[in-house]
Amino acid sequence: MTGIALLIPVALLLGLGGLAAFLWSLSDGQFDDLEGAAERILIDGEAKEREPD
Amino acid sequence: MNMAVARSEFTLPGIRCAGCISKIEDGLADVPGVRAARVNLTAKRVAIEHGQDIDALALQEAIGALGFAAEPVVRMSGADEAAHAESRRLLKALGVAGFAAMNIMLLSVSIWSGADGPTRQLFHWLSALVAMPTTAYAGQPFFRSAWVALRHGRTNMDVPISIGVLLATSLSLFETITGGAHAYFDGAVSLIFFLLAGRFLDSAMRERARDGAAALLRQTAPGGTIERPDGSTKWLTAADIAPGMRLLVGTGECFAADGKVEEGTSEVDRSLVTGESRAEAIVPGDSVIAGSLNMTGPVTVRVTAAGPDTAIAGMARLMETAGQGRSHYVRLADRAARYYAPAVHTLAALSFVGWMIAGAGWHQALLIAVAVLIITCPCALGLAVPVAQVVASGALMRRGLLVKDGSALERLAEVDRICFDKTGTLTLGRPQLAGSPNLAAEDASIVLALARGSRHPLSKALGAALEAAGARPAVLQDVHEAPGFGLEGIYEGTRVRLGRPGWVGLSGFADEALSCGYGRNGHTAHLFCFADQLRPDAEAAVAQVVSMGLRPVILSGDRREAVLPVAHRLGMTGRADMRPEAKLRAVQDYAAEGDRVLVIGDGLNDGPALSAGHVSIAPSSASDVGQNAADIVFLGDSLLPVPIAIRAARRTMRVVRQNFALAIGYNVLAVPLALAGRVTPLIAAIAMSTSSIFVVANALRLNRCAR
């Protein structure tokens, strides 16, 4: 029983943590541009720093 | 320096990749006054934070200089904003229900595998603790909709859902308090979760289609330059312009209000308003309407009507009343619920009475009645329609068809008559050179150089045809536009002209608006004829539509001589010279005869008919009004998306009916078990998820419905 008393709150808290993270990311606009997020990794961020040769 | 930060948003219909994103964001970062720019690829928009010293027009030019067409974002209408908020609420509720369903399911699995005594009691209490607030929060979309329906004396799919969920939760709470063996918290919460998933997918897909359509909208006129009595000028937004003001409209600008021309001559392109691109000459005294494009010369206009009094706004009101008939349409799922809900509730009541008579005691009889309600709770029925429509809409979107309205596919599957507009719908709506230019190389290069000097649709068409023929522009001096006549320039010392046939020395042509002449001093003048070509595949599309059993008809505002050849070539009847009210009446008459009318049109003059039709489709080249009124917008020049959409809609409804059959078949198997009192929470959970999975898997077959 002691195991359960510890594990169940831990499981619920972990789940609540995930839920809170989801709700936060939703209100933060993380899901507003899913296609853009997929494309952005292809942007070469260093292009601007390169010296013109 | 002004430190206040302003925010502007632009739609960018042309962006599609990472390269476009970085080009725009990096390019805008270098524009003085811009603080930050963020592109949203999904919505095809860019949000710019900038100082007050740079205005929307300058930003639009800056994006244009980067090689992208940008339009200021049209303010979202109230309905769109509400839909967006609703979609957000559904996603939040879905997150909460998902968390709760998983945790309760974990607790339930240990109960099903044999936990009893104080452990089962503890787990029931924990489940109740999670399930009660979840039901109260995540069940709201269903409770609200069911309440609205009941208050109006109707019933919809949400009524049996709400009753099932509420009864299951309260009975489980009672069981938990009295230490009973069976609690249905897991069933109630996972039911909410499944149904919310269907609802959310439905609304998210709809929102994407609306965003896609909104990105195509060109703002009619964000505003215009006003000349004050003292001679100074000021730029005002369309909302601030009032009748009586003097509006200065430059070449290439849109009229921001209705008015009468006071000074200057020009030609206007009314394609945004009427869908017809034939340029019309205007001289002082002529009236112009908001939304048309001033093409060849600057004019000054005395505003006669602005804002809600313009012709466009008047048409919008006509459309609103025309569209009211459609709002009475009852969706298929709700029609099914009319029969389903009473049947289920009677069944549950009968089983309660039956077990009471059999002497089972009220506690057991109630338990069995609730089990019947849970088993018959229309989880699969609730998913049957939305999932099929989401999958079909997604497949259509990949083919360039944006389905904006939830019930559009249902209504499209029922149509048996189809009304086409001619200009801009059956035809491309822009003039194209008839035949080949047939010019010497030297003349071709002169004409190209002249044609590039104007935004007149004829000169654009001519320029494109000559470029395609491989001509290079000649070097001309002193090219200028004579408003209302054409272009003039000097080539190697001689005067060259491109414009009205009469102006270059040609005469006797019936259709001046669709021809133009080219004259060069000392040479014979040359005439170019233009025609508004049929859309590619128009004949094939109409033939397919006819073979599907639909009766086509053309309702056109154009002249009889222009309509009949097109009608004859496509093999259908044509009605010409129809004003917007006449089109509306024709559609209403067909509806009164019992026809389900599909209206396909593009112009403002089609707006009322589009709203009145059982369902409506517009091409993406349509006016704002046409696109707003249509249920479905198709991209590209071909007309083939129309038969594709109808076929897809019919297949969707076939799958929906199969889904209904599956869901009802499952009930036929499971209900006797529930009536016999053999259903435990475990059986309920298994039955519910398998039927949902079957329905979803069947709907996924629609992924290829638009091929």
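Order of the sequence lines fixes the chain letters, A, B, ..., with proteins taken first and strands second; residue numbering starts at 1 for each chain.
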Asks: So which of A:Leu34, A:Leu12, A:Ile41 has the largest heavy-atom pair count under 4.5 angstrom toward chain B?
Replies: A:Leu12
Asks: Would you please name every residue forming a side chain to side chain contact (heavy atoms under 4.5 Å, CB included) with B:Arg199, sequence neighbours left out?
Replies: B:Leu90, B:Phe142, B:Asp158, B:Ile161
Asks: Can you tell which part of B:Ile15 gets under 4.5 Å to a heavy atom of chain A, answering side chain, backbone, both or neither?
Replies: neither
Asks: Hey, is CE on B:Met397 packed in by over 12 heavy atoms from elsewhere, all under 6.0 Å?
Replies: yes
Asks: Between A:Leu23 and chain B, with a heavy-atom cut-off of 4.5 Å, which part of the residue counts as in contact: side chain, backbone, both or neither?
Replies: side chain
Asks: Not counting sequence neighbours, which residues clear side chain to side chain contact (heavy atoms under 4.5 Å, CB included) with B:Tyr137? List them please.
Replies: B:Lys92, B:Ala93, B:Val96
Asks: For B:Asn40, which atoms come within 4.5 Å of any heavy atom of chain A: side chain, backbone, both, or neither?
Replies: both
Asks: Backbone N or O of B:Leu41 within a donor-acceptor pair of the A:Asp33 side chain at under 3.5 Å?
Replies: yes
